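Here the structure is a predicted model, which is why all the values come from computation and not from measurement.
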Amino acid sequence: MAPTITAAMTNSQEHLTLTHKIRKPLVEKLRRERINSSIEQLKSLLDPEFLKQQPDSKLEKADILEMTVCVLRRLQQQNQQQRRLMNHFNKLQSSSDKSLREADFSPLSSTVQTSISKEKSPVNSALWRPW
């Protein structure tokens, strides 16, 4: 009995390695197709950028990837600059709003209150309505 078990195991191992040997090139081919497809998509997306940099030249995959990295870095820097400007603007706006609330409205409200109290007559005062 022992020889049949080892023979069955040997056959299954041979079958696995044979399947692996057949499958490996197919998987590699699919992987390369995905890579090439993505690089072609990058090339079409960055076509105007390529025309600026290197007109009339054949682009290699490495060139496409390098150009993509440069464009993405530039976009990232622009986003960081915009974020800094927005933060700066928000800080200025909040500090100006705070100073307006504290400085400008307090004297105005006290001036209005004193003028209203001066205008009131003790007995028959009409209500002032702004509308």
Side-chain angles (χ1 to χ4, degrees):
M1 266 196 169
T4 56
I5 293 174
T6 55
M9 285 177 50
T10 306
N11 283 341
S12 66
Q13 286 176 345
E14 286 175 9
H15 180 68
L16 285 175
T17 55
L18 182 63
T19 312
H20 182 68
K21 285 181 182 179
I22 293 172
R23 190 168 177 223
K24 187 176 179 181
L26 291 174
V27 170
E28 181 65 20
K29 183 180 178 183
L30 290 173
R31 187 184 71 82
R32 285 176 186 246
E33 285 177 4
R34 284 179 41 222
I35 291 171
N36 290 336
S37 170
S38 295
I39 288 176
E40 284 300 316
Q41 288 177 7
L42 284 173
K43 183 179 177 181
S44 66
L45 287 171
L46 298 172
D47 201 26
E49 193 69 28
F50 290 129
L51 291 176
K52 288 180 196 172
Q53 298 290 328
Q54 301 168 351
D56 302 329
S57 65
K58 184 180 183 299
L59 296 169
E60 295 180 0
K61 294 175 186 178
D63 296 329
I64 295 169
L65 290 173
E66 285 175 354
M67 185 68 69
T68 304
V69 168
C70 289
V71 169
L72 289 174
R73 279 192 181 137
R74 194 174 334 124
L75 287 173
Q76 186 179 31
Q77 288 173 351
Q78 287 174 352
N79 285 341
Q80 287 174 351
Q81 288 173 349
Q82 287 176 346
R83 215 174 291 126
R84 282 189 213 119
L85 284 172
M86 287 301 294
N87 287 340
H88 182 69
F89 176 74
N90 287 337
K91 286 178 186 176
L92 287 176
Q93 188 176 14
S94 65
S95 66
S96 88
D97 287 349
K98 187 184 241 183
S99 66
L100 278 176
R101 271 184 259 129
E102 292 172 356
D104 295 340
F105 293 137
S106 297
L108 179 65
S109 62
S110 64
T111 307
V112 169
Q113 287 176 353
T114 55
S115 66
I116 289 174
S117 63
K118 287 178 185 177
E119 290 177 1
K120 274 189 179 179
S121 63
V123 180
N124 287 335
S125 66
L127 290 175
W128 177 79
R129 293 190 175 116
W131 54 91

Side-chain heavy atoms nearer than 4.5 Å, only ILVMFWY residues, links allowed to pass through others: does that put [X] and [Y] together?
{"X": "Ile35", "Y": "Leu42", "value": "yes"}
{"X": "Leu75", "Y": "Leu65", "value": "yes"}
{"X": "Leu30", "Y": "Ile22", "value": "no"}

When you compare the side chain of Asn79 with that of Gln76, does any pair of heavy atoms fall below 4.5 Å? no
Is the closest side-chain heavy-atom distance between Arg74 and Val71 below 4.5 Å? yes
So His88 and Leu85, side-chain contact (heavy atoms from CB on, under 4.5 Å) or not? Walk me through it. CA-CA 5 Å; His88 182 69; Leu85 284 172; 5.5 Å; no
Please check if the side chain of Ser37 supplies one atom and the backbone of Glu33 the other of a donor-acceptor pair under 3.5 Å. no
Is the backbone N or O of Glu60 less than 3.5 Å from a side-chain atom of Asp63, with the two atoms forming a donor-acceptor pair by type? yes
Shortest non-hydrogen pair, Asn36 vs Lys61, comes out as OD1-NZ, 2.6 Å
So Met86 and Arg83, side-chain contact (heavy atoms from CB on, under 4.5 Å) or not? Walk me through it. CA-CA 5 Å; Met86 287 301 294; Arg83 215 174 291 126; 5.8 Å; no
Test: Lys24 and Glu28 ion pair at under 4.0 Å: no
Distance col, row Asp47:CG vs Leu59:CG, nearest 0.5 angstrom, shows 8.5 Å
